[in-house]
Structures are given as C-alpha cells and as structure tokens.
Q: 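Let me give you the structure first, and then I'll get to my questions.
Protein chains get the first letters and strands the later ones, always in sequence-line order, with residue 1 at the start of each.
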Number of protein chains: 2
Amino acid sequence: MRWQDIDQQPCSLARTLAIIGDNWTLLVLRDCFMGVRRFDDFQQRLGVTRHVLSDRLRKLTEGGVLDKVAYQERPLRHEYRLTAMGKELYPVIVHLAQWGDKHLAGEHGAPLTRYHRQCGEPLEAQLQCSHCGDVVKPTDIRVEENPYWKGQILVNC
Amino acid sequence: MRWQDIDQQPCSLARTLAIIGDNWTLLVLRDCFMGVRRFDDFQQRLGVTRHVLSDRLRKLTEGGVLDKVAYQERPLRHEYRLTAMGKELYPVIVHLAQWGDKHLAGEHGAPLTRYHRQCGEPLEAQLQCSHCGDVVKPTDIRVEENPYWKGQILVNC
DNA sequence: AACTGTTGGTTCCTATTTGGAACTTATAGT
DNA sequence: ACTATAAGTTCCAAATAGGAACCAACAGTT
C-alpha cells in the first residue's frame with residue numbers, strides 16, 4: 001500500500017496522518033503556532049526545499065488545517081493561517097515537544113520552556129477526561145469498534 | 001537541509017520527529033498501543049513494505065521507543081515492545097486520533113470509540129496543567145528561550 | 001527423508017520523492 | 001534601467017519507497 005492511499009483506511013489516526021503525518025509537516029505546524037505565516041519565513045526557518053514546502057502547504061490547505069489568504073493585492077501575495085480546526089492540533093505539538101524536552105534534551109537543557117500563564121509554573125501537560133476531570137492513563141481507555149467495520153480493525157489484538 | 005539531519009536542531013519537536021516523525025512510524029506506534037508486537041502482524045495490518053517496516057522498527061528501537069526482545073530461542077525470534085519512554089507517547093496518539101474522529105469521520109462515524117473506564121463516557125481528552133489542574137489552551141502558554149540559544153529559535157515571531 | 005509452513009527479515013529492480021540550485025512573475029523603490 | 005522582494009515553479013541528480021521474490025532456521029506432517 002502506498003502512503004498516499006493511507007487516508008482510505010477506517011482509522012482516524014491514519015486519516016489524520018494523511019494530512020499532517022508527512023516529514024516536515026508537523027514542523028510547519030510548529031512554526032504556524034509560533035506565528036509564522038509567510039512562505040519565505042517557513043523556508044528559512046525550516047531549511048526545507050521550496051517545492052517540498054509548497055507541496056506541504058498545499059496539502060495542509062486542502063486538508064483544512066491552514067487557510068491561504070491574500071494579505072496584499074499588488075502584487076498578489078498570500079499567507080497561511082491556522083484554521084480553527086488547525087488550532088485544535090495544538091495538544092499534539094505540546095505533547096510531542098514535551099516528550100522531546102524530557103527524553104532528548106542535550107547538555108544545555110531544553111531549547112524552549114513553556115510556562116502556564118495562569119499558575120506560572122513550567123507546563124507539564126497531561127491528558128484529562130473532559131467529563132470527569134480525571135487524569136487519563138493508557139490503561140484507563142477502553143476501545144470499542146464501530147459495528148460497521150466489525151472485526152476489521154481490532155484483528156490480532 | 002536533509003530530513004535525516006533534523007535531529008541536530010535545537011528544537012525538542014524536531015528531535016522527537018527525527019525518531020517518530022517519518023511516514024508510517026506513528027501508525028506502527030498505533031499498533032504497538034493496540035498490542036501488536038510481531039513483524040508479520042505489523043506488516044499485514046499496515047500494508048507497509050517489509051523493508052520500510054524493518055527500517056522503522058530499527059529506528060524506533062535505536063531511539064529507545066521500542067525494545068526488541070527474544071520471545072523464543074530455537075529458532076531465534078524477536079518481538080517489539082513499547083518501553084516506558086514509548087508509552088509516554090500515548091497522549092500524542094490519543095489527540096491525533098481524536099482530531100481525526102472529530103474532523104475526518106465519514107458517513108459511518110468514527111471507526112473506533114475510546115471510553116474512559118473510570119466514568120464510562122466516550123473520551124474527550126484535553127490538556128491539563130499538572131501543577132494547577134486547569135485546562136490549558138494555546139493562548140495560556142508562554143514560551144521562554146533557553147539563554148544558550150538566545151535569538152536563534154524565536155526569530156521572526 | 002522429503003515436503004510444507006512459519007517467522008523475521010534481506011535483496012533486487014523500478015518508480016516516486018527529495019535536495020539543491022537556478023529561474024519566473026509581478027511589482028515597488030532608487 | 002537596475003535592484004530588491006515574495007511566492008512560488010522548473011530542472012536534474014540522489015535518495016527513498018513499493019512490489020515481489022528470496023533466504024535462513026527451524027517445526028510439523030507425510
């Protein structure tokens with residue numbers, strides 16, 4: 001199976017990764033959350049080649065994660081902004097960065113520290129259930145298959 | 001810059017993605033969290049080619065996310081298990097899948113539903129600050145640069 | 001003893017994608 | 001007329017992926 005057909009699978013994770021799971025794409029999103037909006041700024045900060053960046057921005061736009069809007073008319077210039085849907089990916093970025101802070105920091109420590117404005121402490125984010133407010137651990141989650149795909153997803157588990 | 005050199009950047013997200021940011025790798029991890037441990041099971045469930053799978057499992061093992069352990073001696077056979085470090089990636093998987101459930105589900109609904117055992121409700125996970133217990137929104141986070149890389153990370157923001 | 005199956009890969013070849021650099025278009029400023 | 005800016009596109013060589021076949025080391029069956 002080709003990676004480009006991965007969005008055909010009955011799996012929300014696979015469909016999500018079809019949009020944002022490419023190499024470079026999550027780094028593009030990192031920069032979006034830092035306020036970067038323009039092509040050349042992305043290109044210089046990431047060091048990615050221009051046509052790969054062009055392709056990733058197009059996929060993110062088609063996927064509804066970014067919005068391509070004109071910021072001037074003559075000459076016509078566009079910039080890329082996170083949509084509401086895109087902003088909902090923030091927890092993913094935070095957890096990925098936090099994991100790197102904890103496990104991959106070198107001798108100089110983590111490059112960035114995130115602080116929680118409300119309490120002023122360095123942020124240690126964790127999963128919380130929005131219904132009961134409890135912290136959620138992997139073993140606290142029970143998975144149920146949609147009857148439509150019965151037996152196709154949880155095979156071999 | 002080549003993708004394979006991305007781990008040299010002073011960015012925890014980039015370093016994390018150097019290990020798990022490849023195409024297919026997060027789907028391998030999805031299956032790990034579903035209990036899959038063996039090469040052929042990964043291969044059949046993912047549909048990925050065998051040499052790509054071999055490469056990704058090697059990178060995950062070298063990165064400390066998976067542990068390659070022998071489960072029988074004659075003939076020698078290995079399986080791949082999540083390390084403690086690997087298990088800490090669970091929030092990433094949950095948020096990615098949840099985002100797909102919300103935005104990419106087709107007419108038949110989400111393929112899988114995750115329930116929180118403690119309260120029995122379908123899980124809607126959110127970020128929580130472990131210090132004060134508050135829910136964390138993107139705007140609640142203040143970023144501070146490590147003095148060692150002063151001016152190199154937050155440029156253009 | 002000879003076949004068949006299982007498991008965890010490796011090898012081979014072709015097709016696609018990436019990295020790097022140069023080029024393009026449309027315009028503003030000097 | 002020349003230079004600069006912004007957002008790409010085009011070109012080519014090099015790296016990576018997809019697909020299929022092959023391999024090693026055994027176990028079980030005929």
Side-chain angles (χ1 to χ4, degrees), chain A residues 1-9 14 17-28 31-32 35-62 66-81 155-156, chain B residues 1-9 14 17-28 31-32 35-62 66-81 155-156:
Chain A
M1 171 182 281
R2 262 159 280 171
W3 175 255
Q4 59 183 54
D5 301 327
I6 203 69
D7 61 338
Q8 301 305 311
Q9 297 229 339
L17 294 177
I19 301 175
I20 65 161
D22 265 310
N23 298 5
W24 296 109
T25 300
L26 278 163
L27 289 181
V28 171
D31 280 1
C32 290
V36 178
R37 293 178 169 183
R38 297 193 183 174
F39 191 91
D40 280 19
D41 289 338
F42 285 114
Q43 204 270 317
Q44 282 173 45
R45 290 177 53 89
L46 295 171
V48 64
T49 57
R50 302 178 75 82
H51 62 325
V52 169
L53 176 60
S54 177
D55 175 76
R56 299 299 185 271
L57 289 171
R58 188 182 48 74
K59 279 184 188 163
L60 285 169
T61 305
E62 288 172 359
L66 297 182
D67 208 6
K68 184 178 181 176
V69 296
Y71 67 88
Q72 68 175 38
E73 288 300 325
R74 298 224 290 279
L76 185 59
R77 295 277 183 260
H78 296 97
E79 63 181 14
Y80 298 89
R81 295 183 195 174
V155 180
N156 290 333
Chain B
M1 173 183 279
R2 263 159 282 172
W3 175 256
Q4 58 183 55
D5 300 327
I6 203 67
D7 62 338
Q8 301 305 310
Q9 297 229 337
L17 294 177
I19 300 176
I20 64 162
D22 264 311
N23 297 6
W24 297 110
T25 301
L26 279 163
L27 289 181
V28 171
D31 280 3
C32 289
V36 178
R37 293 178 170 182
R38 297 191 183 175
F39 191 91
D40 280 19
D41 290 338
F42 285 114
Q43 203 272 318
Q44 282 173 45
R45 291 175 53 89
L46 294 171
V48 64
T49 57
R50 304 178 74 82
H51 62 323
V52 169
L53 176 60
S54 177
D55 176 75
R56 299 299 184 271
L57 288 171
R58 187 182 48 73
K59 279 184 187 162
L60 285 170
T61 304
E62 287 173 359
L66 297 182
D67 209 5
K68 184 178 181 176
V69 296
Y71 66 87
Q72 68 174 37
E73 288 300 326
R74 299 223 291 278
L76 186 59
R77 295 276 182 263
H78 296 96
E79 63 180 15
Y80 297 88
R81 295 185 196 173
V155 179
N156 292 333

Q: Could you tell me the separation between the CZ atom of Phe39(A) and the P atom of dT5(D), rounded to a whole number of Å?
A: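 Checked: the CZ to P distance equals 17 Å.
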Q: Please report, rounded to the nearest Å, how far the C1' atom of dG9(C) is from the CD atom of Gln44(B).
A: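 Roughly 14 Å, once rounded to whole Å.
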Q: In whole Å, what is the span from the CZ atom of Arg74(A) to the C1' atom of dT25(C)?
A: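 Taking CZ of Arg74(A) and C1' of dT25(C), I get 16 Å after rounding.
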Q: Just the rounded figure in Å: distance from P of dA6(D) to CG of Leu53(A).
A: 15 Å
Q: Nearest of dC26(D), dT6(C), dG9(C) to any side-chain atom of Arg77(B)?
A: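 Minimum distance to the Arg77(B) side chain belongs to dT6(C).
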Q: Enter the distance from Trp24(A):CH2 to Leu46(A):CG here, rounded to the nearest 0.5 Å.
A: 6.5 Å
Q: Asp40(B) CG to dG5(C) P: how many Å, rounded?
A: 15 Å
Q: Say you draw a straight line from CZ of Arg77(A) to CZ of Phe39(A); how long is it, rounded to the nearest 0.5 Å?
A: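 Reported to 0.5 Å precision, the distance equals 11.5 Å.
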Q: Under a 3.5 Å distance rule, please check whether Thr25(B) uses its side chain to pair with a backbone N or O of Gly21(B) as donor and acceptor.
A: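 No, Thr25(B) side chain to Gly21(B) backbone: no donor-acceptor pair under 3.5 Å.
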Q: Rounded to whole angstrom units, what separation is found between the CG atom of Leu76(A) and the C1' atom of dG8(D)?
A: 12 Å
Q: Grab the two heavy atoms, one from Phe42(B) and one from Val36(B), that are nearest each other, plus how far apart they are.
A: CZ-O, 3.4 Å
Q: Return the minimal non-hydrogen interatomic distance between Arg56(A) and Asp22(A), and the atom names on each side.
A: NE-CB, 3.5 Å
Q: Identify the heavy atoms of Ala14(B) and Gln9(B) that sit nearest to each other, and give their distance.
A: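 Residues Ala14(B) and Gln9(B), closest heavy atoms: CB-CB, 4.2 Å.
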Q: Okay, side chain of Gln43(A), backbone of Val48(A): is any donor-acceptor separation there less than 3.5 Å?
A: yes
Q: Measure from NE2 on His78(B) to P on dT10(C) and round the result to the nearest Å.
A: 12 Å
Q: NA contact type, Tyr80(A), heavy-atom cut-off 4.0 Å: base, sugar-phosphate, or nothing?
A: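 Here Tyr80(A) touches the backbone only, sparing every base.
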Q: So Tyr71(A), base contact, sugar-phosphate only, or nothing? Heavy-atom distance under 4.0 Å.
A: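 Since only primed, P, OP1 and OP2 atoms lie under 4.0 Å of Tyr71(A), the category is sugar-phosphate.
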Q: Using the 3.5 Å cut-off, write out each protein N or O paired with an N or O of nucleotides 17-20 of chain D and the distance between them.
A:
{"residue": "dA17(D)", "atom": "OP1", "partner": "Arg56(B)", "partner atom": "NH2", "Å": "2.5"}
{"residue": "dG18(D)", "atom": "OP1", "partner": "Trp3(A)", "partner atom": "N", "Å": "3.1"}
{"residue": "dG18(D)", "atom": "N7", "partner": "His51(B)", "partner atom": "NE2", "Å": "3.1"}
{"residue": "dG18(D)", "atom": "O6", "partner": "His51(B)", "partner atom": "NE2", "Å": "3.4"}
{"residue": "dG19(D)", "atom": "OP2", "partner": "Met1(A)", "partner atom": "N", "Å": "2.6"}

Q: Could you state the CD-P distance from Gln43(A) to dG20(C), rounded to the nearest angstrom?
A: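 Value for this atom pair: 11 Å.
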Q: Is the shortest side-chain N/O distance from Ser54(B) to OP1 or OP2 of dG8(C) below 4.0 Å?
A: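 Checking dG8(C) against Ser54(B), no side-chain N or O comes under 4.0 Å of OP1 or OP2.
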